[in-house]
Amino acid sequence: MSLSKTYNPREVEDKWYSHWLEKNYFHSEPDEREPYTVVIPPPNVTGVLHMGHMLNNTIQDVLVRRARMLGKNACWIPGTDHASIATEAKVVQKLREEGLKKSDLSREEFLKHAFEWKDKHGGIILQQLKKLGASCDWERTHFTMDPKYSESVIDVFIDLHKKNRIYRGNRMVNWDPEALTALSDEEVIYKEVNSKLYHVRYKIDNTTDQWLTIATTRPETILGDTAICVNPNDKRYTNLHGKSVIVPISNRVVPVICDEYVDMEFGTGCLKITPAHDTNDHEIGLRHQLETISIFNSNGTLNENGLHYEGKDRFEVRKAIEKELEQSGYLIKIEDHINKVGFSERTNAIIEPRLSLQWYVNMQELSKPALDNVMNGNVQFYPEKFKNTYRHWMENIKDWCISRQLWWGHRIPAWYYGEGKEEFVVCKTLEEAVELASAKSGKNIGEKDLKQDEDVLDTWFSSWLWPISVFNGLTDKENEEINYYYPSNDLVTAPEIMFFWVARMIIAGYEYMGDLPFKNVYYTGIVRDKLGRKMSKSLGNSPDPIELIENYGADGVRVGILISSPAGNDLPFDSSQCEQGRNFTNKVWNAYRLISSWESKNIEQPISSIKAIEWFESKYNQSLEEINDLFDKFRISDALMAIYKLVWDDFCSSYLEIIKPGYQQPIDDKTLKQSILFFEKILLIMHPFTPFVTEELWHVLSKERRETDIIVSSWPEKKEIDLQVLNTFNYCDKVITQIRNFRKEQQISNKIKLDLYLIENKEIDRSFDSVISKIGNLTKLEYAEEKVAKAHSFLIDSNEFFIPFGEGIDMEQEMKKLHEDLDYTKGFLKSVQGKLNNERFVSNAPQNIVDIERKKEADALGKIEVLEKKISALS
RNA sequence: GGGCGAUUAACUCAGUUGGUUCAGAGUGCCUCCCUUACAAGGAGGAAGUCGGGGGUUCGAGUCCCUCAUUGCCCA
């Protein structure tokens with residue numbers, strides 16, 4: 001035999017992937033078939049493949065390949081996201097390494113560098129996906145900053161502005177002092193940190209020595225205090241109502257105000273109010289018309305309101321001010337304190353709440369259809385539990401801050417012609433702006449008088465259009481492709497971006513297409529390491545996917561990653577799972593090796609083979625039905641497991657063993673032909689999970705198939721299942737197990753032939769006796785009338801089986817087993833009779849349940865009788 | 001602090017309307033076997049008070065309450 005004992009994925013993977021590409025199988029064009037569309041969650045353009053992508057894209061590929069085989073026009077759109085903050089940060093860092101500062105560059109120069117970077121590093125991840133076997137339509141690769149795509153983003157901005165859904169507002173934003181940009185709420189990560197709670201006393205104005213004490217975690221913001229607030233119901237402080245206090249260091253006189261917002265239990269019950277630097281304080285400030293004093297610059301250093309601290313960093317100032325407060329007697333005490341602090345998702349800088357003028361989308365009305373259509377099931381979530389989370393967020397949705405103080409991205413199409421709050425127009429081009437601005441202002445405004453907004457849009461403001469704009473559904477409305485492919489079918493993504501992305505795509509879908517963007521959303525879990533930690537670069541606990549593919553083969557990795565990862569569950573990943581996957585591909589490979597080694601002749605077909613074929617036909621169809629059902633429910637792991645067991649247990653361990661001819665014996669033509677057909681049917685259902693090994697075997701297995709490719713072959717049709725055959729095989733399997741057990745207990749080699757006698761107390765379907773004889777390696781299988789002496793015996797469904805043994809009888813062992821069996825059955829009978837003697841059970845339980853119990857009782861009684869007879873016969 | 005989940009074998013998970021497809025699967029573990037497809041293999045086996053406690057019911061892994069532990073989302 002010249003075939004390798006083990007499957008070698010390296011030899012076949014590149015070959016078939018190139019072949020598929022050459023044949024253009026991944027490419028889709030609208031036609032008369034039913035479309036099946038999936039849009040990839042676009043990875044960051046400069047990203048590299050990690051385990052999360054592996055999981056996510058394997059699932060998509062499984063779905064897409066199966067849809068293709070089901071005869072649908074499958075279209076999987078790949079692409080990348082410009083990821084404004086992440087990419088800009090990378091470019092800035094790269095420039096810094098080259099000695100260039102962003103601030104020294106013009107916008108145009110910077111963007112030139114950024115595009116160079118993108119062209120060089122962009123899309124590596126897409127190349128990596130090919131190694132995994134992803135069957136994306138590469139001709140349709142999109143990038144969220146492609147010209148057409150960008151145009152649609154700008155159009156949407158203009159449109160929403162026209163509809164009064166976009167407005168410009170001076171609001172508290174999450175400011176990233178490192179990236180120097182505002183962030184959306186979703187980009188802020190709150191973490192618990194050990195900090196300190198400073199108790200500081202403020203002197204009450206117009207007194208010589210009366211004080212109140214506040215508690216704060218941010219003493220540096222004292223310089224921006226414009227009030228002290230107490231709860232109006234707090235009896236301790238009624239004396240303060242209407243008074244003023246003197247802020248330490250700045251010596252500003254500020255009022256004491258009352259607001260129920262203050263938690264009387266926390267700290268001292270006196271809250272200092274800094275409207276410029278805290279969201280809640282800002283709201284209190286608005287309610288009480290307080291002055292707002294900003295003390296920070298955009299980069300987190302103090303401004304001129306910071307007095308002698310001007311120019312110093314906020315954390316440096318915190319230390320310094322602690323000292324100053326202490327020296328001047330204002331600091332009462334410092335307590336340890338745990339509080340939650342917001343960090344920038346991208347730069348990890350501590351977020352500074354900051355008042356600034358930003359662009360917002362009013363989400364109230366816009367989001368309604370998106371909530372309704374998920375709740376009513378038009379858009380299905382898998383698993384469904386995420387609907388709750390979704391609803392909670394959608395019902396409390398806040399306006400979306402969409403401007404970012406960056407250069408890499410879609411520049412906001414707003415043009416300013418003056419300093420006034422309303423002195424701007426929103427439109428696509430400078431020419432239009434001239435016209436609109438002139439009209440709006442009533443003045444003659446030229447190009448030079450206009451200045452475009454410096455900011456770009458939030459990345460998600462472009463990716464929320466992904467399912468539409470990859471088909472140019474906005475720039476070229478009603479075009480053939482958008483009409484054909486939209487809405488897409490399944491979206492596979494991580495629950496972490498349910499709000500960033502999924503919810504907003506649904507919103508955009510209803511707003512711009514009047515329809516859902518996808519029918520099903522499959523949420524994957526987070527890939528974690530063995531210890532349950534999230535996989536991350538900094539921890540270094542993430543295996544390199546490409547290395548895994550090299551070690552275990554793409555098919556092995558695909559199986560390994562899917563074998564136990566139900567939707568929505570985190571996946572604790574361990575490379576041993578890939579080992580299991582690799583072993584699976586190897587198993588199939590060896591099944592092929594076996595079949596290919598047989599020489600066929602026109603000889604009589606053994607009955608055992610005929611029966612095996614009958615059985616496997618039904619078994620296959622039973623599994624196929626189950627697998628189809630699991631796919632319909634998006635239970636991808638379970639579908640894989642069902643296939644795994646069908647292949648390994650049923651096809652290899654049972655079927656092939658039954659039909660296997662003796663050593664160097666030929667096989668009959670019919671059986672071989674049928675076995676190859678079975679093998680092909682198995683390859684077909686395996687294909688979505690293990691595309692490479694199945695394509696390889698498809699081609700070598702039979703000559704007829706060499707002209708076709710499995711990737712474009714049809715998913716098998718389900719045929720009838722003969723339950724009788726399946727039941728009889730189960731019985732046969734039980735007998736075989738008993739024979740094997742006997743051999744093992746008595747240490748009788750498989751090579752030694754045995755006799756089997758049986759007393760048929762209950763009718764037996766004898767059709768699989770030839771199979772029992774073959775697998776059990778029996779010389780004879782005889783139906784007897786009387787018990788056989790000096791024999792090992794066992795019971796299956798009240799039928800008695802005997803294997804006579806020669807000299808080395810272990811009688812004790814036999815007796816022990818009989819007694820164990822008897823004890824168990826007696827206990828079982830007792831519990832059944834307990835139920836039946838309970839009048840309430842008999843009168844309340846449905847008749848069929850009672851009947852079942854009665855039958856159990858009868859069976860148990862019969863079995864006990866047989867066992868007792870045997871025991872007395874042996875003793 | 002608010003919301004949503006989870007807890008079943010050593011590990012990862014199934015368990016649809018309460019009742020024979022109810023205590024399951026895969027991996028791991030143990031025993032025996034290098035048997036002529038595959039030791040990346042074969043055959044067999046052990047292993048769980050279904051997180052604790054209450055309740056409803058003839059009957060609870062499944063429904064209700066409560067506690068504990070834990071995860072995620074939001075502030």
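Lettering of chains follows the sequences in order, A, B, ..., and the numbering in each one begins at 1.
With a cut-off of 3.5 Å on both pairing distances, B:A14 has no Watson-Crick or G-U wobble partner at all. When both distances must be under 3.5 Å, the Watson-Crick or G-U wobble mate of B:U21 does not exist. Nucleotide B:A43 is matched to B:U31 when pairs are restricted to Watson-Crick or G-U wobble geometry with both distances under 3.5 angstrom. Here B:U62 sits opposite no nucleotide as a Watson-Crick or G-U wobble pair (both hydrogen-bonding atom distances under 3.5 Å). With a cut-off of 3.5 Å on both Watson-Crick or G-U wobble distances, the partner of B:G5 is given as B:U70.
Under the side chain to side chain donor-acceptor pair (under 3.5 Å) criterion, A:Arg528 pairs with A:Asp570, sequence neighbours left out. By the side chain to side chain contact (heavy atoms under 4.5 Å, CB included) test, A:Asn388 pairs with A:Arg391, sequence neighbours left out. Checked against side chain to side chain donor-acceptor pair (under 3.5 Å), A:Gln622 has the following partners two or more places apart in sequence or in another chain: A:Lys619. A search for side chain to side chain donor-acceptor pair (under 3.5 Å) contacts involving A:Asn520 returns A:Asp490, not counting sequence neighbours. A:Arg10 pairs by the side chain to side chain contact (heavy atoms under 4.5 Å, CB included) definition with A:Asn8, A:Glu550, not counting sequence neighbours. In this structure, the side chain to side chain donor-acceptor pair (under 3.5 Å) partners of A:Ser576, at least two apart in sequence or on a different chain, are A:Asp574. Partners of A:Asp629 according to the salt bridge (charged side-chain N to carboxylate O under 4.0 Å, His left out) rule, which considers only residues two or more places apart in sequence or in another chain, are A:Lys633. By the salt bridge (charged side-chain N to carboxylate O under 4.0 Å, His left out) test, A:Lys5 is found to be paired with no residue, residues two or more places apart in sequence or in another chain being considered.
Straight-line distance between the C1' atoms of B:A39 and B:U31: roughly 16 Å, to the nearest whole Å. For the P atom pair drawn from B:C11 and B:U16, the interatomic distance equals 22 Å after rounding to whole Å. B:U57 and B:A14: their C1' atoms are spaced 26 Å apart (whole Å). B:A23 and B:G61 have their P atoms separated by 10 Å, given to the nearest Å. B:A43 and B:U36 have their P atoms separated by 15 Å, given to the nearest Å. Annotation: B:U8 and B:G53 have their P atoms spaced 15 Å apart (nearest Å). Remark: the separation of the C1' atoms in B:U20 and B:C72 is 38 Å, to the nearest Å. Nucleotides B:A10 and B:G3 have their C1' atoms positioned 34 Å apart, rounded to a whole Å.
Using a 4.0 Å heavy-atom cutoff across all strands shown, A:Arg743 reaches no nucleic acid atom at all.
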Can I get a per-line list of side-chain donor-acceptor pairs under 3.5 Å for residues 644-653 of chain A, giving both atom names and the distance, sequence neighbours left out?
| from | atom 1 | to | atom 2 | distance (Å) |
| --- | --- | --- | --- | --- |
| A:Tyr644 | OH | A:Gln580 | NE2 | 3.3 |
| A:Ser653 | OG | A:Trp648 | O | 3.1 |

Which atoms of nucleotides 24-26 of chain B (N or O only) lie under 3.5 Å from a protein N or O atom, and what are those distances?
| from | atom 1 | to | atom 2 | distance (Å) |
| --- | --- | --- | --- | --- |
| B:A25 | O2' | A:Lys645 | NZ | 2.9 |
| B:G26 | O2' | A:Gln580 | NE2 | 2.7 |

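Remark: C1' of B:C72 and CZ of A:Phe386 are 8 Å apart, rounded to the nearest angstrom. Between the NE2 atom of A:His392 and the C1' atom of B:C4 there is a distance of 8 Å, rounded to whole Å. Straight-line distance from the CZ atom of A:Arg528 to the C1' atom of B:U70: 12 Å, rounded to whole Å. Atom CZ of A:Phe742 is separated from atom P of B:C33 by 18 Å (rounded to the nearest Å). Per the geometry, CG belonging to A:Asn388 stands 9 Å off C1' belonging to B:G5, to the nearest Å. Atoms CZ (A:Arg854) and P (B:U20) sit 17 Å apart, rounded to a whole Å. Residue A:Trp393 contributes atom CH2, which lies 14 Å from atom C1' of B:A75 at whole-angstrom precision. Taking atom CG on A:Asp574 and atom P on B:A10, their separation rounds to 18 Å, with Å as the unit.
Distance check: A:Phe499 CZ to A:Thr389 OG1 gives 6.0 Å after rounding to the nearest 0.5 Å.
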* Asked: Would A:Phe801 and A:Ile796 count as a side-chain contact (heavy atoms from CB on, under 4.5 Å) if you check the C-alpha gap in whole Å, the side-chain angles of each, and the deciding distance to 0.1 Å?
  -> CA-CA 8 Å; A:Phe801 293 75; A:Ile796 294 171; 3.9 Å; yes

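No side-chain donor-acceptor contact under 3.5 Å links A:Asp638 to the backbone of A:Leu630. Checked by atom type and distance alone, the side chain of A:Asn396 pairs as donor or acceptor with a backbone atom of A:His392 at under 3.5 Å.
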* To do: Spell out protein contact along nucleotides 38-47 of chain B as letters: B when the base is contacted, S when just the sugar-phosphate is, - when no protein heavy atom is under 4.0 Å; keep the 5' to 3' order.
  => BSBSSBBS--

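For RNA chain B, none of the residues of residues 619-632 of chain A falls under the heavy-atom distance limit of 4.0 Å.
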